[in-house]
Amino acid sequence: MKNKIDRRLRNRVFAGLAVLAFLALCVALGVGAQTQDAPKFKVDVTWPKPLPNKWKMGGVTGLAVDKDDNVWVYDRPNDLTSIEVEAELNPPIADCCVHPPSMIHIAGHDGPGYKDGEVIGYFDAPQGHGMAVDKQGFVYLGQNTVRKYDPKTGKMLMAVPHIPETPNGQPFTEPALPKRNPGEGSAGPVAGFLTIPDAAGRGGRGGRGGEGGGGGGRGEAAGTAAALAQTAFIAKYPPTTPMIVGGIEEIRTDDAANEIYVADNAFGGRVMVFSLDTFQFKRGWGAYGHKLSEISTNPADHAYKPNGPMAKEFVGHLTFNFSNDGLVYLADRGGNRIHVTDKQGNFKQEIKMAEWTGVGGSTGGVMFSPDKAQKFLYISDLTNNHVWFLNRADGKIVSQIGSMGHNAGEFFGVHMEAVDSKGTLYTGEVFYGERVQRFLPVK
């Protein structure tokens, strides 16, 4: 009898020790912090309401919440294929759809004369990549440079200076609205990003074309290398050029400082800061806080392989955002990392994320949790189709939402994100996602 009691006691002790060991491991790995403190969201299947006028949204290349907590969506109408725009024909041969305008304004709440999720405004503009809305409501769109628009009329008001030519020797011109034949679409939202191998097995994955300024990974690095190989052009327009040299990936306005930050995709990506009211150049920097004069134009310094060493310079598709405490978080998507600097470009920290990720890269849009301290980073991931949540203090991943799919709460090319004053998270998708979703915070 005594032996049986001793065995039971030993078993209980061993079980208790095992539980304690497991809890200690959880603490070491941060599991407890993940379950208790990590941001939690639920998808809102009621938002947005169906688009009016038989529109079908294209890939989302810009997303911003304005001062009234309503949402501007910059989409790419030319992603639609012919089978999706058969209602444009005369006579129509299907109930839906037609090309939408490139700028769609959607209510984020009930307001005077409109309901939550309804389209409350729109205008057409040339397709592009990246957008911002300042506190006055003016809209800034990334195209082959940044242009400022009146949100009510769609009139272009001014543009950030760009060099007078393109790398292929053509003169720099203002992009025009696309001319469309009714009912005629494109090859689709992934054309140029993914190509079909030929009989010899060549082909495979492409670079930037299908995402219209948003390829990534090896394709992004290849595009950067090809651009850097144009030595005559770079000699004429080196990284110190105080104007936009390439295209635009990201835009943010710092209204309090009267500044606008722009990610010029030349040289693998560089931060360019201009006056918000005059668009006069003020300063800029590259990876690791390199001064513009220090940015290398050697393609090898921009090269990156999954799980390999970090590149010496930005690889490609640079996006960013700045925190309340004056730090700038620069997401080098092709390089699977985030660089942290101050607003003068002084380097503070490198955060590596999902380093195994190949074509497309992992570190896309950057947002913050709505608390005053902005404890968490929100990073959209085009390739793995997650929104990652990172502890801002140490860069460690605490949780994620989303996986590849078409159901509510899933993603197929999650590309853009925005957060309103209440902490509501909005996402925009390219590729075959071509939609916006809303996620409500859960306490």
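Residues F267 and H302 come closest through the heavy atom pair O-CE1, 3.0 Å. Residues N70 and H105 come closest through the heavy atom pair CB-NE2, 3.6 Å. Closest of all the heavy-atom pairs between V387 and T427 is CG2-CG2, 4.2 Å. Contact detail for P77 and P100: the closest heavy-atom pair is CG-O, 3.3 Å. In plain terms, the two heavy atoms of V60 and H415 that are nearest each other are O-ND1, 2.8 Å. Nearest heavy atom pair, residue E417 against residue L425, reads OE1-CD1, 3.9 Å.
Residues D37 and K375 are in side-chain contact: their nearest non-hydrogen atoms beyond the backbone lie under 4.5 Å apart. Looking at S102 and R76, their side chains never come closer than 4.5 Å, going by heavy atoms from C-beta outward. Looking at heavy atoms from C-beta onward, L63 lies in side-chain contact with Y426 at the 4.5 angstrom threshold. Looking only at side-chain heavy atoms (C-beta outward), T297 and P238 stay at 4.5 Å or farther from each other. Residues V436 and P48 meet the side-chain proximity criterion, which asks for heavy atoms closer than 4.5 Å. Looking only at side-chain heavy atoms (C-beta outward), Q437 and V43 come within less than 4.5 Å of each other. Contact check for E434 versus K56: side-chain heavy atoms found under the 4.5 Å cut-off. Side-chain atoms of R438 and D420, non-hydrogen and from C-beta on, never get closer than 4.5 Å to each other.
Using bins of under 30°, 30° to 60° and over 60° for the plane-to-plane angle, the ring pair H386/W388 lands in the perpendicular bin. A tilted orientation is assigned to the rings of F322 and Y261, their planes being inclined by 30° to 60°. Taking the six-membered ring for Trp and thresholds of 30 and 60 degrees, F411 and F439 have ring planes inclined between 30 and 60 degrees apart.
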Does the side chain to side chain contact (heavy atoms under 4.5 Å, CB included) test come out yes or no for I106 and V73, once each step is laid out? CA-CA 8 Å; I106 303 176; V73 182; 4.0 Å; yes

Check the pair F233 / V245 against side chain to side chain contact (heavy atoms under 4.5 Å, CB included), numbers first and verdict last. CA-CA 10 Å; F233 181 80; V245 173; 3.8 Å; yes

Side chain to side chain contact (heavy atoms under 4.5 Å, CB included) between L276 and D255: does it pass, once the steps are laid out? CA-CA 8 Å; L276 184 57; D255 295 71; 4.1 Å; yes

Take W47 and V71 through the side chain to side chain contact (heavy atoms under 4.5 Å, CB included) test and state the conclusion after the steps. CA-CA 11 Å; W47 194 97; V71 182; 4.1 Å; yes

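For the pair R435 and D75, the salt-bridge criterion is not met [side-chain N within less than 4.0 Å of a carboxylate O]. A salt bridge is absent between K49 and E118; no separation between the charged side-chain nitrogens and carboxylate oxygens falls under 4.0 Å. The existence of a salt bridge linking K343 and E259 is excluded, since no basic side-chain nitrogen approaches an acidic carboxylate oxygen closer than 4.0 Å.
Within 6.0 Å of the NZ atom in K282, the count of heavy atoms belonging to other residues, nucleotides or ligands exceeds 12. No more than 12 heavy-atom neighbours from other residues, nucleotides or ligands sit within 6.0 angstrom of CD on Q280.
At least one donor-acceptor pair closer than 3.5 Å links the side chain of S362 to the backbone N or O of M353. In terms of modelled atom types and a separation under 3.5 Å, the side chain of H339 and the main chain of A287 share no donor-acceptor contact. A donor-acceptor contact shorter than 3.5 Å links the side chain of Q127 to the backbone of N78. A donor-acceptor pair under 3.5 Å is formed between the side chain of N385 and the backbone N or O of G413. Looking only at distances, no side-chain donor or acceptor of N53 sits under 3.5 Å from a matching main-chain atom of W55. No donor-acceptor pair closer than 3.5 Å links the side chain of R147 to the backbone N or O of P126. For R392 (side chain) and A373 (main-chain N/O), a donor-acceptor pair under 3.5 Å exists by modelled atom type. No side-chain donor-acceptor contact under 3.5 Å links T166 to the backbone of F172. In this structure a side-chain-to-backbone donor-acceptor pair under 3.5 Å is missing from D254 to I260. Without hydrogens or angle criteria, N336 side chain to T357 main chain gives a donor-acceptor distance under 3.5 Å.
Judged purely by distance below 3.5 Å, without hydrogens or angles, the side chains of D277 and S275 pair a donor atom with an acceptor atom. If you check the side chains of T363 and D381, you find no donor sitting under 3.5 Å from an acceptor. Residues T341 and N346 bring no donor and acceptor atom of their side chains to less than 3.5 Å of each other.
The ring of F279 has its center no closer than 6.0 angstrom to the ring center of F274. No close placement of the F347 and W285 rings is indicated, their centers lying 6.0 Å or farther apart. Taking the centre of each ring, F123 and W72 come in below the 6.0 Å mark.
Applying the salt bridge (charged side-chain N to carboxylate O under 4.0 Å, His left out) test to residues at least two apart or on different chains, the pairs with a partner in residues 348-365 are R337-E350.
Within the cation-pi definition used here (under 6.0 Å to the ring centroid, within 45° of the axis), K148 does not qualify as a partner of Y140.
The ring-ring contact (aromatic ring centres under 6.0 Å, His included) with Y378 is formed by just one residue from the set F368, Y329, F389; it is F389. The residue from V366, V398, I379 that alone fulfils the side-chain contact (heavy atoms from CB on, under 4.5 Å) condition with L390 is I379. The side-chain contact (heavy atoms from CB on, under 4.5 Å) test with L318 singles out one residue from L330, N265, D264, and that residue is L330.
Here F314 contributes atom CZ and R270 contributes atom CZ; the two are 12.5 Å apart, rounded to the nearest 0.5 Å.
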